[in-house]
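One structure is given here, and the rest of the page talks about it.
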Amino acid sequence: QVQLVESGGGLVQAGGSLRLSCAASGRTFSTYAMGWFRQAPGKEREFVAAISWNGGMTYYADSVKGRFTISRDNPKITVYLQMNSLKSEDTAVYYCNAAMAPVLQMAKIDFGSWGQGTQVTVSA
C-alpha cells in the first residue's frame, strides 16, 4: 500500500507556473502508475495526468495537454506536476493517487480514498 502527501500549491497569477509534488511512502511505489486529479469548487473531481510505473508513458486530459507535465523520481518516491501557462480555470484542489493499472485506465478508476490535496489558485 502507498501513502501519499501532496504539496506545492499556492496563489499564482494567470500565465504563471507552479510545481506540485506528491511524496509517497511504501516500498512498492515504483510498481504503481501515478495520477494527478483536481476538484474545483462545485464540480466533480476530474483526471489531470497520469504516468506509468517507470515513467515511460504519460497521459493528459485535453484541458492541460501542452501546459502541464507529469514526471516521477522513483528513488525519491515522488511524483511531480509541472504546471505552466496557468489559467483561472485551473483553480482547484489537486490530488495524487496510485494504482497498479495501465496509464490509460487511471482516468477511469474509482479510487477508494484521497489525501488532503493541495490548493492551487490562479488569479486573473
Side-chain angles (χ1 to χ4, degrees):
Q1 189 174 358
V2 177
Q3 288 78 47
L4 306 165
V5 178
E6 304 93 343
S7 64
L11 174 64
V12 63
Q13 289 187 330
S17 298
L18 279 175
R19 188 176 81 156
L20 306 183
S21 298
C22 172
S25 62
R27 291 180 293 176
T28 59
F29 170 78
S30 62
T31 64
Y32 284 77
M34 299 295 300
W36 283 99
F37 305 80
R38 67 186 181 186
Q39 187 168 20
K43 295 187 177 180
E44 293 188 353
R45 196 174 346 239
E46 65 176 1
F47 168 78
V48 174
I51 189 166
S52 61
W53 67 273
N54 64 352
M57 182 178 291
T58 56
Y59 176 48
Y60 296 93
D62 288 343
S63 59
V64 305
K65 203 172 295 183
R67 300 188 298 121
F68 290 12
T69 302
I70 188 171
S71 61
R72 66 189 296 161
D73 186 334
N74 283 349
K76 293 184 178 179
I77 53 175
T78 302
V79 177
Y80 304 99
L81 186 68
Q82 177 67 43
M83 307 186 295
N84 299 328
S85 303
L86 283 161
K87 306 175 181 179
S88 57
E89 51 263 45
D90 295 318
T91 294
V93 178
Y94 283 70
Y95 303 86
C96 62
N97 221 318
M100 287 187 178
V103 171
L104 297 182
Q105 293 299 316
M106 291 292 286
K108 303 176 183 178
I109 294 174
D110 183 10
F111 292 95
S113 64
W114 297 89
Q116 83 286 352
T118 186
Q119 175 71 49
V120 172
T121 303
V122 184
S123 62

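FYI, side chains are in, hydrogens and waters are out, and symmetry mates aren't considered; it's all heavy atoms of this structure.
You'll find the side chain of Asp90 reaches within 4.5 Å of the side chain of Arg67, heavy atoms only. The shortest side-chain heavy-atom distance between Leu18 and Phe68 does not fall under the 4.5 Å cut-off. Counting only heavy atoms from C-beta outward, the side chains of Leu86 and Gln13 never approach each other to under 4.5 Å. At a threshold of 4.5 Å between non-hydrogen side-chain atoms, the residues Leu20 and Glu6 do not count as touching.
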Step-by-step side-chain contact (heavy atoms from CB on, under 4.5 Å) determination, Arg38 to Ser63
CA-CA 12 Å; Arg38 67 186 181 186; Ser63 59; 3.5 Å; yes

Pair Asp62-Lys65, salt bridge (Lys or Arg N to Asp or Glu O under 4.0 Å): steps then yes or no
CA-CA 5 Å; Asp62 288 343; Lys65 203 172 295 183; 3.0 Å; yes

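A centroid separation of less than 6.0 Å is found between the aromatic rings of Phe37 and Trp114.
The shortest heavy-atom contact between Val12 and Gly16 is CG2-CA, 3.9 Å. In terms of heavy atoms, Ser17 sits closest to Ser85 at OG-N, 4.4 Å. The minimum heavy-atom distance linking Phe29 with Ala24 is given by the pair CD1-CB, 3.4 Å. Scanning all heavy atoms of the two residues, the minimum distance from Ala23 to Thr78 falls at CA-OG1, 4.3 Å. When all heavy atoms of Phe111 and Ala98 are compared, the closest pair comes out as CE2-O, 3.4 Å. Of all heavy-atom pairs between Val120 and Gly9, the closest is CG2-CA, 4.1 Å.
Side-chain heavy atoms closer than 4.5 Å link hydrophobic residues (I, L, V, M, F, W, Y) into clusters, and following such links, even through other members, never connects Tyr94 to Tyr80. With hydrophobic clusters built from ILVMFWY side chains whose heavy atoms lie under 4.5 angstrom apart, Val64 does not share a cluster with Tyr59. Leu81 and Met106 sit in two unconnected hydrophobic clusters of ILVMFWY residues. Membership requires side-chain heavy atoms under 4.5 Å apart, directly or through other members. Tracing side-chain contacts under 4.5 Å through hydrophobic residues (I, L, V, M, F, W, Y), one never reaches Phe47 starting from Val79; they form parts of separate clusters. Transitive grouping of hydrophobic side chains (ILVMFWY, heavy atoms separated by less than 4.5 Å) brings Ile77 and Met34 into a common cluster.
In this structure, Arg72 forms no cation-pi arrangement with Tyr32, as its terminal cationic atom is not both closer than 6.0 Å to the ring centre and no more than 45° off the ring axis.
For the pair Tyr60 (side chain) and Ile70 (backbone), a donor-acceptor distance under 3.5 Å is present. At least one donor-acceptor pair under 3.5 Å links the side chain of Thr91 to the backbone N or O of Val122. Between the side chain of Asn97 and the main chain of Leu4, no donor-acceptor pair closer than 3.5 Å is present. Under the 3.5 Å distance criterion, the side-chain polar atoms of Gln39 are left unmatched by any main-chain donor or acceptor of Ala92.
Taking CG of Asn54 as the start and OG1 of Thr31 as the end, the distance is 11.5 Å to the nearest 0.5 Å.
Dense packing is recorded around CD of Glu89, with more than 12 heavy atoms of other residues, nucleotides or ligands lying under 6.0 Å away.
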